[in-house]
Amino acid sequence: MLSGPVVNAYPLSSYTFGTKEPKMEKDTSVADRLARMKVNYLKEGMRTSVEAILLVQEHNHPHILLLQIGNTFCKLPGGRLKPGENEIEGLKRKLSSKLAANSSTLQPDWQIGECVAVWWRPNFETLMYPYCPPHITKPKECKKLFLVHLSEREYFAVPKNLKLLAVPLFELYDNVQRYGPVISTIPQQLSRFTFNMVNNA
C-alpha cells in the first residue's frame with residue numbers, strides 16, 4: 001500500500017503556552033473587513049494571504065491549532081502578505097506576530113512545509129472557493145494554506161484577547177456551520193499525509 005508524506009505530530013503537552021499583549025482585529029465586523037479589502041484592492045490589486053496548519057496530537061489523534069476571537073469565531077494563524085513579499089517569509093512573519101514571544105531567544109522554528117490548499121475570493125463577499133470560477137478574470141483574494149512542521153518543543157505566546165484551541169480533525173470534518181468551508185475541509189486536505197504520532201517517553 002502506498003503511503004503519503006510522513007508528518008510528525010507531537011503531544012500538545014510538549015508545548016508551552018504563555019501570553020503577550022492583545023492583538024486587536026483591524027475590523028469590528030465582516031462588512032468593515034470587506035470594505036477595507038476593497039480599499040486595499042484599489043491600491044494594491046488582489047489580496048494574497050497565507051495561513052498555517054499547525055498540527056499537534058492528543059490521544060493519538062491529529063489536532064489543529066486555531067485562534068479563537070471572542071466566543072465563536074475561529075481562524076488559522078496567518079494573514080495578508082505585503083505587496084511582492086515571499087509566501088514562506090511572509091507566513092513566518094505572520095506566525096511570529098501572532099504566536100511568538102517578544103523575546104528573540106524564544107522564537108519558534110517555523111518549518112513551512114507543503115501548500116495543501118488554495119482558495120479564491122471572486123468578489124468582495126465572504127464566499128471563497130477552492131477554484132477560481134472561469135468567468136472571474138480579476139479575483140479579489142488568493143489564500144494559500146501551508147502545513148507547518150512543528151518541532152518537538154516550542155513556546156507559543158498567545159495575545160491576551162485571543163485563545164489558542166487544539167481542535168481534533170473529527171470535530172472539523174464537514175463542520176461548515178461552525179468553522180466555515182476553508183477550515184472544515186482541512187481533514188480532506190491532510191488525508192494524503194501519513195501521521196506519525198510521537199509520544200514523549
Side-chain angles (χ1 to χ4, degrees), residues 17-54 63-85 87 90-102 115-133 135-146 148 156-169 171-189:
F17 299 91
T19 57
K20 62 179 178 178
E21 71 282 354
K23 196 109 185 126
M24 303 317 290
E25 287 292 302
K26 290 185 177 133
D27 312 300
T28 53
S29 70
V30 172
D32 286 353
R33 182 164 170 266
L34 294 173
R36 185 168 60 88
M37 199 180 282
K38 208 172 215 172
V39 170
N40 286 336
Y41 179 82
L42 293 171
K43 283 193 297 187
E44 300 166 359
M46 184 183 73
R47 171 190 170 102
T48 6
S49 54
V50 284
E51 293 182 346
I53 298 173
L54 304 173
H63 287 55
I64 305 293
L65 296 182
L66 296 177
L67 286 166
Q68 181 176 309
I69 304 157
N71 294 322
T72 54
F73 183 69
C74 289
K75 67 177 187 176
L76 293 165
R80 181 165 71 108
L81 294 176
K82 295 173 181 173
E85 186 175 22
E87 292 172 349
L91 184 52
K92 286 181 179 179
R93 174 179 65 81
K94 283 293 182 182
L95 284 171
S96 293
S97 157
K98 296 278 194 314
L99 291 173
N102 295 327
C115 175
V116 298
V118 180
W119 288 81
W120 298 89
R121 190 187 305 277
N123 303 299
F124 295 114
E125 296 168 355
T126 52
L127 286 175
M128 295 192 82
Y129 300 89
Y131 54 85
C132 190
H135 64 283
I136 299 291
T137 55
K138 293 183 177 177
K140 304 306 180 271
E141 180 178 6
C142 176
K143 176 188 295 211
K144 293 186 179 181
L145 272 54
F146 288 88
V148 176
F156 298 114
V158 184
K160 285 180 181 172
N161 60 320
L162 302 175
K163 286 182 194 161
L164 192 63
L165 308 178
V167 184
L169 288 192
E171 160 75 13
L172 297 178
Y173 175 65
D174 212 21
N175 197 345
V176 182
Q177 200 169 355
R178 171 80 175 87
Y179 296 103
V182 175
I183 293 175
S184 66
T185 50
I186 287 175
Q188 290 96 309
Q189 292 152 11

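In this structure, Arg47 CZ and Asn40 CG are separated by 7.5 Å, a value rounded to the nearest 0.5 Å. A distance of 8.5 Å separates CG of Leu81 from NZ of Lys94, quoted to the nearest 0.5 Å. Taken to the nearest 0.5 Å, the CZ atom of Phe156 stands 14.5 Å off from the NZ atom of Lys98. Going from atom CG of Asp174 over to atom CD of Gln188 covers 7.0 Å, rounded to the nearest 0.5 Å.
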request  = Step by step, work out the side-chain contact (heavy atoms from CB on, under 4.5 Å) result for Arg121 and Met37.
outcome  = CA-CA 11 Å; Arg121 190 187 305 277; Met37 199 180 282; 3.5 Å; yes
Verdict with supporting geometry, Ser97 and Lys23, side-chain hydrogen bond (donor to acceptor under 3.5 Å, both in side chains) = CA-CA 9 Å; Ser97 157; Lys23 196 109 185 126; 3.1 Å; yes
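Judged by distance alone, the side chain of Gln177 and the main-chain N or O of Tyr179 form no donor-acceptor pair under 3.5 Å. Judged by distance alone, with hydrogens and angles left aside, the side-chain atoms of Lys20 form a donor-acceptor pair with the main-chain N or O of Ala100 at under 3.5 Å. Although no hydrogens or angles enter the test, the distance criterion places no donor-acceptor pair under 3.5 Å between the side chain of Lys140 and the main chain of Lys38.
For the pair Lys144 and Cys115, the tightest heavy-atom approach, listed with the atom from each and the gap, is CB-SG, 4.1 Å. Pairing each heavy atom of Ala52 with each of Leu95, the nearest pair is CB-CD2, 3.6 Å. For the pair Pro77 and Leu91, the tightest heavy-atom approach, listed with the atom from each and the gap, is O-CD1, 4.4 Å. What you find for Pro133 and Tyr131 is that their closest heavy atoms are CD-O, 3.5 Å. Here the closest non-hydrogen pair linking Glu87 and Phe146 is OE1-CZ, 3.6 Å. Annotation for Trp120 and Met46: closest pair CZ3-SD, 3.9 Å, computed over non-hydrogen atoms.
At least one side-chain heavy atom of Leu164 sits less than 4.5 Å from a side-chain heavy atom of Leu67. Here the side chains of Ile186 and Gln189 are in contact, with some heavy-atom distance below 4.5 Å. Counting heavy atoms from C-beta on, the side chains of Leu54 and Leu99 come closer than 4.5 Å. Counting only heavy atoms from C-beta outward, the side chains of Val167 and Cys74 never approach each other to under 4.5 Å. Taking the side chain as every heavy atom from C-beta outward, Leu66 and Leu76 approach each other to under 4.5 Å.
Residue Arg80 forms a side-chain hydrogen bond (donor to acceptor under 3.5 Å, both in side chains) with just one option from Glu85, Glu44, Glu141, and that option is Glu44. The side chain to side chain contact (heavy atoms under 4.5 Å, CB included) with Leu145 is formed by just one residue from the set Val50, Val116, Thr185, Ile183; it is Val116.
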